[in-house]
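Accompanying notes for the structure given below.
Here is how names work: the chains are called A, B, and so on, in the same order as the sequence lines, proteins then strands, and each is numbered from 1. The figures that follow rest on heavy atoms only: side chains count, while hydrogens, waters and symmetry mates do not.
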Number of protein chains: 2
Amino acid sequence: MPSRTVEDYLKHLYLLEKGGQTPASQVAMGGLAAAVGVTAGTATSMVKSLSDSDLVDYEPRAGVRLTRAGTKLALQVLRRHRLIELFLVQTLGLDWSEVHEEAEELEHAISDKVLEKIDTLLGHPDTDPHGDPIPPSTGSPKQEKLTPLNDCAPNTTAKVARVRDQEPEFLQFVDKHGLTPGAQFTVESHTPSADAITVRPHDREPVTLGSAAAGKIMVKVGR
Amino acid sequence: MPSRTVEDYLKHLYLLEKGGQTPASQVAMGGLAAAVGVTAGTATSMVKSLSDSDLVDYEPRAGVRLTRAGTKLALQVLRRHRLIELFLVQTLGLDWSEVHEEAEELEHAISDKVLEKIDTLLGHPDTDPHGDPIPPSTGSPKQEKLTPLNDCAPNTTAKVARVRDQEPEFLQFVDKHGLTPGAQFTVESHTPSADAITVRPHDREPVTLGSAAAGKIMVKVGR
DNA sequence: GATTTGACTTTGACTACTCAAAGTATACAC
DNA sequence: GTGTATACTTTGAGTAGTCAAAGTCAAATC
Ligand SMILES: [Mn+2]
Ligand SMILES: [Mn+2]
Ligand SMILES: [Mn+2]
Ligand SMILES: [Mn+2]
């Protein structure tokens with residue numbers, strides 16, 4: 001049974017591999033250390049031991065990559081994390097801005113049996129409250145092609161699909177302006193030189209976002 | 001924040017203090033070590049460090065006792081444990097024989113916020129699936145005076161209040177014969193010399209128990 | 001009162017994880 | 001090409017928790 005620590009390293013490694021939109025061959029130690037919240041030296045020694053367990057491939061000074069076994073474990077942790085998040089929102093009524101932190105602990109404590117009960121209770125959902133895909137119990141999650149809100153032209157009508165940031169303040173802002181996953185909206189204006197995009201959710205007042213914020217909102221263009 | 005390990009030591013210490021029906025002044029190291037599942041030497045060194053943190057009073061070779069601060073923490077862990085057990089049975093539909101083990105992990109992972117959501121969802125219950133009292137968020141649980149099934153005379157009518165054993169096999173047996181907390185029954189016969197007691201639950205076939213088993217079932221006499 | 005026994009404590013060693021600080025390799029600049 | 005910055009690795013040390021085995025105390029037995 002992998003420790004809590006190992007599970008977190010693998011999960012963050014997976015997210016970093018996918019995060020860089022390119023095929024993302026190798027992950028740099030620095031990035032991993034920052035993601036897990038340890039010093040670079042700590043990450044180096046942990047990665048060496050993950051490598052000894054064949055959970056990652058490690059080339060000193062080049063980078064780390066999950067093996068097939070490591071990826072499988074990472075996906076199991078991610079599945080637990082995201083199902084728990086949805087459960088906390090749906091069943092216990094927590095706010096979507098606070099469930100990430102809760103799930104960070106619970107993802108290591110829950111058994112397969114409880115997880116499958118939750119999955120059934122929620123009706124086998126395939127995305128979490130932030131629009132992130134919930135990996136199936138075996139295999140990989142399907143990655144939908146999404147557009148950053150950034151790249152939308154004026155008059156486009158689209159639907160929010162995914163919000164790629166766990167900061168409570170950002171999530172609360174998004175919620176307040178009705179841009180949670182599923183929300184439909186129309187782009188009113190887009191001024192790249194002013195770094196601003198204005199959108200009108202179908203049942204709210206228009207809101208203007210800078211590109212840093214707009215880049216975190218992934219949308220699906222269409223009716 | 002106390003570690004998972006510290007929480008478990010304190011919780012078991014509390015249960016051992018109350019477990020011995022006498023005022024149970026001091027707990028012996030051996031008993032604590034067995035309860036927590038470590039060697040005696042490990043328990044000794046842990047108890048010394050708990051003593052340094054003023055969570056227990058420790059007299060070498062005499063025994064250990066929780067301080068007020070230690071008792072408070074132990075009760076918080078116990079509250080989490082028992083609310084989680086009830087939640088798992090009530091909301092997720094797990095069997096009462098398997099929730100103890102699950103709660104053993106979850107009791108260390110759940111936040112106060114989630115705990116209070118669960119408490120509210122369940123309607124502020126005061127006993128868990130096994131009939132064990134759920135400590136209130138502050139203060140001590142009220143101890144009801146209960147009789148071991150052992151001590152019931154023939155023709156007594158009583159109600160099961162609490163089942164004091166977490167063994168899945170025993171719990172499944174109890175459930176199968178309809179002796180879960182809340183169940184009414186009548187004592188058909190009691191033969192101390194044969195070490196046996198026969199009871200008839202009001203909606204089941206009679207069942208005969210040895211005194212070891214009957215001693216674990218606590219009842220409330222009367223209709 | 002001396003001896004045996006069982007419970008307890010101490011010691012030494014190990015695993016897992018962590019950091020600060022010192023050392024090294026690589027890439028980028030000039 | 002030499003120099004320097006940056007990222008990375010290594011080293012040394014510390015905390016938390018654990019066990020096996022050796023040592024000690026005290027109560028029970030004789
Ligand atoms: Mn985590
Ligand atoms: Mn999420
Ligand atoms: Mn526990
Ligand atoms: Mn219980």
- OP1 or OP2 of dT9(C) less than 4.0 angstrom from a side-chain nitrogen or oxygen of Tyr58(B), does that happen here? yes
- Query: When you look at CD of Glu116(A), are more than 12 heavy atoms from neighbouring residues, nucleotides or ligands closer to it than 6.0 Å?
  - Reply: yes
- Query: Between Met29(A) (CE) and dC19(C) (P), how many Å, whole number?
  - Reply: 12 Å
- Query: When all nucleic acid strands are considered with a 4.0 Å heavy-atom cut-off, which category describes Thr42(B): base, sugar-phosphate, or nothing?
  - Reply: base
- Message: Distance check needed: dT18(C) P versus Met46(A) CE, whole Å only.
- Response: 7 Å
- Item | Heavy-atom closest contact (Pro141(A) atom, Leu75(A) atom, distance) | CD-CD2, 3.7 Å
- Message: Of all nucleotides in DNA chain D that come within under 4.0 Å of a heavy atom of chain B, which is furthest toward the 5' end and which toward the 3' end?
- Response: dG17(D) to dC25(D)
- Which one, dT18(C), dT9(C), dC17(C), comes nearest to the side chain of Ser3(A)? dC17(C)
- Task: Classify the ring geometry between His177(B) and Phe173(B) as parallel (under 30°), tilted (30 to 60°) or perpendicular (over 60°).
- Result: tilted
- Query: Under 4.0 Å between a side-chain N or O of Ser49(A) and OP1 or OP2 of dA16(C)?
  - Reply: no
- Short side-chain N/O contact from Thr39(A) to OP1 or OP2 of dC19(C), under 4.0 Å: yes
- Could you check which of dC8(C), dT9(C), dT18(C) has an atom nearest any side-chain atom of Ser45(A)? dT18(C)
- Hey, does Ala43(B) reach any base, or is it just sugar-phosphate, or nothing, if we go heavy atoms under 4.0 Å? nothing
- Which part of the nucleic acid does Gly41(A) contact within heavy-atom distance under 4.0 Å: base, sugar-phosphate only, or nothing? base
- Task: Let me know the distance between CG of Leu50(A) and C1' of dT15(C), rounded to the nearest Å.
- Result: 15 Å
- Over 12 non-hydrogen atoms of neighbours within 6.0 angstrom of CD in Glu169(B): no
- Message: Output the rounded distance in Å from CG (Asp52(A)) to C1' (dC17(C)).
- Response: 15 Å
- Message: Is it the case that atom NZ in Lys216(B) sees more than 12 heavy atoms from other parts of the structure closer than 6.0 Å?
- Response: yes
- Can you tell me the distance, in whole Å, between the CD atom of Glu59(A) and the P atom of dT26(C)? 12 Å
- Hey, does Arg82(A) have a side-chain heavy atom less than 4.5 Å from the side chain of Glu107(A)? no
- Item | Side-chain touch Val6(A)/Met46(A), heavy atoms, less than 4.5 angstrom | yes
